[in-house]
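Here is the structure we will look at, set down as structure tokens.
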Amino acid sequence: MAASLSTALDVHFTIPKSDTKRPIFFTSPIRHNPTKKRLAISCNSSTSETSSSTKPPQNISESPSPKNPSLSDQLKPLSATTLSTKDHQAQLLSRPKSTWVNPTRPKRSVLSLQRQKKSLYSYNPQIRELKLFAKKLSGSGEDEFESALETIPYPPTRENALLILNSLRPWQKTRLFFNWIKTQNVFPMETIFYNVTMKSLRYGLQFDIIEELANEMVSNEIQLDNITYSTIITCAKKCSRFDKAVEWFERMYKTGLMPDEVTYSAILDVYAKLGKVEEVLSLYERGVASGWKPDPITFSVLAKMFGEAGDYDGIRYVLQEMKSLDVQPNLVVYNTLLEAMGKAGKPGLARSLFEEMVDSGLTPNEKTLTALAKIYGKARWAKDAMDLWERMKSNSWPMDFILYNTLLNMCADLGLVEEAEMLFNDMKISEKCRPDSWTFTAMLNIYGSGGNADKSMELFEEMSRLGIGLNIMGCTCLVQCLGKARRIDDLVRVFNVAIDGGVKLDDRFCGCLLSVASLCDESEDFTKVLACLKQANPKLVAFVKLIEGEETSFETLKEEFRAVVRDAAVETRRPFCNCLIDICRKRDLHGRAHELLYLGTLYGLYPDLHHKTVKEWSLDVRSLSVGAALTALEEWMGTLTKFVQRDEELPELFSAHTGSGTHKFSQGLANSFDSHVKKLAAPFRQSEERAGHFVATREDLVTWVQSRIPSSVIA
DNA sequence: ATAGGGTTAG
């Protein structure tokens, strides 16, 4: 029963009773229109009496992400501008479906409600020998094909030929046999021969040949049917020829052939993969308006699309549609929905959906469990992760190597070292799930983030023995770990193995090496690390040399910094700058550190560093390295000194936001900040009420600044 | 794989 979906659904919003019964002449009650739809759904949620009181506790952690703004956030701009009165608002929000179909003049149907029927095979008593022959043909070389054909045990009648054609692979053989029966001229070529041949070609991703055959059908006046079109469309999709998929779909309509639900859902998936959400929903709604009852495959397509977009409202729409159309989700639909919930950042809903799935009697498969393990790991839900694991074992739910590797990644996210080691050993003694490069990468991540350089190196040696190549991610984990342990010679060895193994070094890896360089006290180590970095990114190393040069002018620095930043991947630009500042501070180049912070700010690498309200000015250093954060603090104090000197107006409160230190990477920041503040005797104190904040009152700060003015660092 | 549609990993 579709009622089993209700828990996950009703917890978050209530569907108005009137919407659960679908008037036949209306399309779906909730339009998926970027603005209208969100408003409509959110309105239900906000007006629901149960929405906040019945939410399970885990949803507290699911405060709306920027992608899914809260209801009030969504309504704010509208209520402030467009909507003046409550009535007006209600009218807009509850607007019925925009596609209204006049019952007296029904809109034309967009799909055939009858699925194309397949002809039944009649029993062929020669089936065994013909299949054996097909196997022989399949195994023959291209040049032996002709002679192999002559050993055909029975004459190539229509039925015999079809049977053989169906059993042939790969596509080259299917094509040769298809061409051969055409030359035999024993029977006219029918649609089914083309369809069977096309299917084999699709396995080989031969879209061009499929299209050739389709055109041949047109010129020979052989009817293309729904099976032909759906095969063409899905082949184009698998070959990423989406334009061709759409083109053939449109051609079908033009020839007057109506798609059935198989062809229709195939084209829905094409538009979904193109990210054309509006088109998909329009087609979906028009289909439903034609009297179509979509099946689970359609909902899987919709769920996947919304999942890819991280669109939580869309996912709710799919759940609601299934409920109102009384379609029970199958395993694939659940899997897709779980995946989608994960992408939309809703671990709590994924969990309750999973429970519903199990309660409904379905057994999770590898994909289900992979989705869930990923979600719990990302959400850092250790308890749920462990519960899941126990259930997997006690129920003997299926495992495969992807699930094993995902579980290892989950362990990495949760810091479960012993559990990971158990899994790793399980894999080693298993038949089908031997550790591969993904496995080793996950293990390197686990040992690396735990700072266990010995175990990391053991893995590295084991990989060499087993001939499993190090990839860029494993290499980055390893180098970071060895760098933190100051095992620079091991680091260099690993680096050289990676280079010899053809690992393509990316900007993230360069950032990792640069951060290791920033940790080096010994100039010998520093030189060794930079020598590695030079092979990956010579310009970056040249820039480090430039920083160190006393004679380097600010203009030169600016120019070269710009070039370095421009060439770096966007997500590595700020880390690069952070590391460079750290290097400066390590080498007592404080002036340079300030110049780099200035340049980083100039090029937009620190967009939200400062925040000012009338009552409070704050400095948000959460995305800064320790060196960069301290530089930013000094810079800020310098600015405040000027304000005090000029007797300008200041707010009551000052704060610096370092983060609370619960995240593994931000742990050090609050501590370093604290000791630095103490060293400066600055009046910032860790706030009791606001975790991760250091606060100072205006009074204390002004007193402190004035006491420093004669010897201020800032001229 | 017995003519056609949907789901697993940085």
Side-chain angles (χ1 to χ4, degrees), chain A residues 115-121 124 127 130-131 134 138 159 162-171 174 190-203 224-235 237-238 245 259-270 272-273 294-305 307-308 329-340 342 364-375 377-378 398-410 412-413 436-439 441-442 444-445 471-474 476-477 506 508:
Chain A
R115 195 190 279 216
Q116 183 183 323
K117 294 210 170 53
K118 292 183 196 174
S119 54
L120 287 170
Y121 283 108
N124 192 328
I127 185 162
L130 287 168
K131 280 205 154 182
S138 298
E159 274 66 36
L162 254 184
L163 213 152
I164 294 165
L165 203 56
N166 255 317
S167 319
L168 275 175
R169 73 193 120 107
W171 62 271
T174 317
E190 302 162 36
T191 306
I192 189 169
F193 286 88
Y194 282 89
N195 291 349
V196 172
T197 306
M198 281 184 183
K199 183 181 176 182
S200 175
L201 288 163
R202 192 185 57 179
Y203 262 103
L224 284 77
D225 61 14
N226 259 286
I227 297 173
T228 321
Y229 281 109
S230 58
T231 310
I232 296 169
I233 288 166
T234 53
C235 180
K237 185 170 66 187
K238 288 191 166 97
D260 65 8
E261 70 171 333
V262 176
T263 316
Y264 205 70
S265 58
I267 201 69
L268 279 183
D269 193 38
V270 168
K273 296 240 149 54
D295 64 2
I297 292 180
T298 311
F299 291 115
S300 170
V301 167
L302 295 183
K304 170 92 185 182
M305 173 179 75
E308 288 300 314
N330 62 15
L331 185 57
V332 176
V333 174
Y334 272 117
N335 288 349
T336 315
L337 282 168
L338 285 172
E339 183 97 353
N365 66 7
E366 297 88 338
K367 289 173 183 162
T368 323
L369 301 167
T370 298
L372 220 50
K374 201 173 140 188
I375 289 168
K378 289 263 174 303
M399 292 276 272
D400 65 5
F401 72 105
I402 294 182
L403 179 52
Y404 264 114
N405 287 338
T406 307
L407 287 169
L408 285 177
N409 285 327
M410 182 185 85
D413 285 329
D436 64 357
S437 76
W438 289 71
T439 316
T441 305
L444 285 171
N445 186 12
N471 62 27
I472 185 61
M473 254 171 293
T476 306
C477 290
D506 61 7
R508 210 174 274 234

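Chain identifiers are assigned alphabetically (A, B, ...) following the order of the sequence lines, protein sequences preceding nucleic acid strands; residue numbering begins at 1 within each chain.
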Identify whether any heavy atom of A/Arg508 sits under 4.0 Å from a base atom; if not, whether one sits that close to sugar-phosphate; answer base, sugar-phosphate or nothing. nothing

In terms of the nearest nucleotide of DNA chain B, which residue is placed more toward the 5' end: A/Leu168 or A/Gln116? A/Leu168

Closest approach of A/Thr441 to A/Ser437 (non-hydrogen atoms, all atoms of both residues): OG1-O, 2.6 Å

Nearest to the side chain of A/Lys118 - B/dG10, B/dA3, B/dG6? B/dA3

From C-beta outward on A/Ala266, which listed nucleotide comes closest to its side chain: B/dA3, B/dA1, B/dG5? B/dG5

Has the side chain of A/Asp295 got a donor or acceptor that lies under 3.5 Å from a partner of the other kind on the base of B/dG5? yes

Among B/dA3, B/dT7, B/dG10, the nucleotide that comes nearest once only the side chain of A/Ser119 is considered: B/dA3

Nucleotide nearest A/Lys238 (side chain, heavy atoms from C-beta), chosen from B/dA9, B/dA1, B/dG5: B/dG5

Please tell me which of the listed nucleotides, B/dG4, B/dG6, B/dG10, lies nearest to the side chain of A/Ile297? B/dG6

Answer with base, sugar-phosphate or nothing: what part of the nucleic acid does A/Asn330 contact at a heavy-atom distance below 4.0 Å? base

Within the 4.0 Å heavy-atom criterion, would you say A/Tyr404 contacts the bases, only the backbone, or no part of the nucleic acid? nothing

Which part of the nucleic acid, if any, lies within contact of A/Thr228, taking any heavy atom under 4.0 Å across all strands shown: a base, the sugar-phosphate backbone alone, or nothing? nothing

Measuring only the P atom in each nucleotide, how far is B/dT2 from B/dG6? A whole number of Å is fine. 15 Å

Once you apply a heavy-atom cut-off of 4.0 Å, does A/Val196 come out as touching a base, just sugar-phosphate, or nothing? sugar-phosphate

For atom C1', what is the distance between B/dA9 and B/dG5, given to the nearest Å? 25 Å

Scanning both residues in full, the closest heavy-atom pair of A/Leu369 with A/Pro398 reads CD1-O, 3.7 Å

Can you check the A/Lys237 NZ to B/dG4 P distance for me, whole Å? 14 Å

Partners of A/Lys199 by salt bridge (charged side-chain N to carboxylate O under 4.0 Å, His left out), sequence neighbours excluded? none

Which nucleotide wins on minimum distance to the side chain of A/Asp225, given the candidates B/dG6, B/dA3, B/dG10? B/dA3

Looking only at the side chain of A/Val262 (C-beta and beyond, no hydrogens), which of the listed nucleotides B/dT7, B/dG4, B/dA9 gets closest? B/dG4

When we call it a touch if two heavy atoms are under 4.0 Å apart, what does A/Tyr264 touch: a base, just sugar-phosphate, or nothing? nothing

Does the A/Thr174 side chain pair with the main chain of A/Thr197, one donor and one acceptor, at a distance under 3.5 Å? no

Which nucleotide in the set B/dT2, B/dG5, B/dA9 lies at the smallest distance from any side-chain heavy atom of A/Asn405? B/dA9

Among B/dG10, B/dG5, B/dG4, which nucleotide has an atom closest to any side-chain atom of A/Asn226? B/dG4

Among B/dT2, B/dA9, B/dG4, which nucleotide sits nearest the side chain of A/Lys131? B/dT2

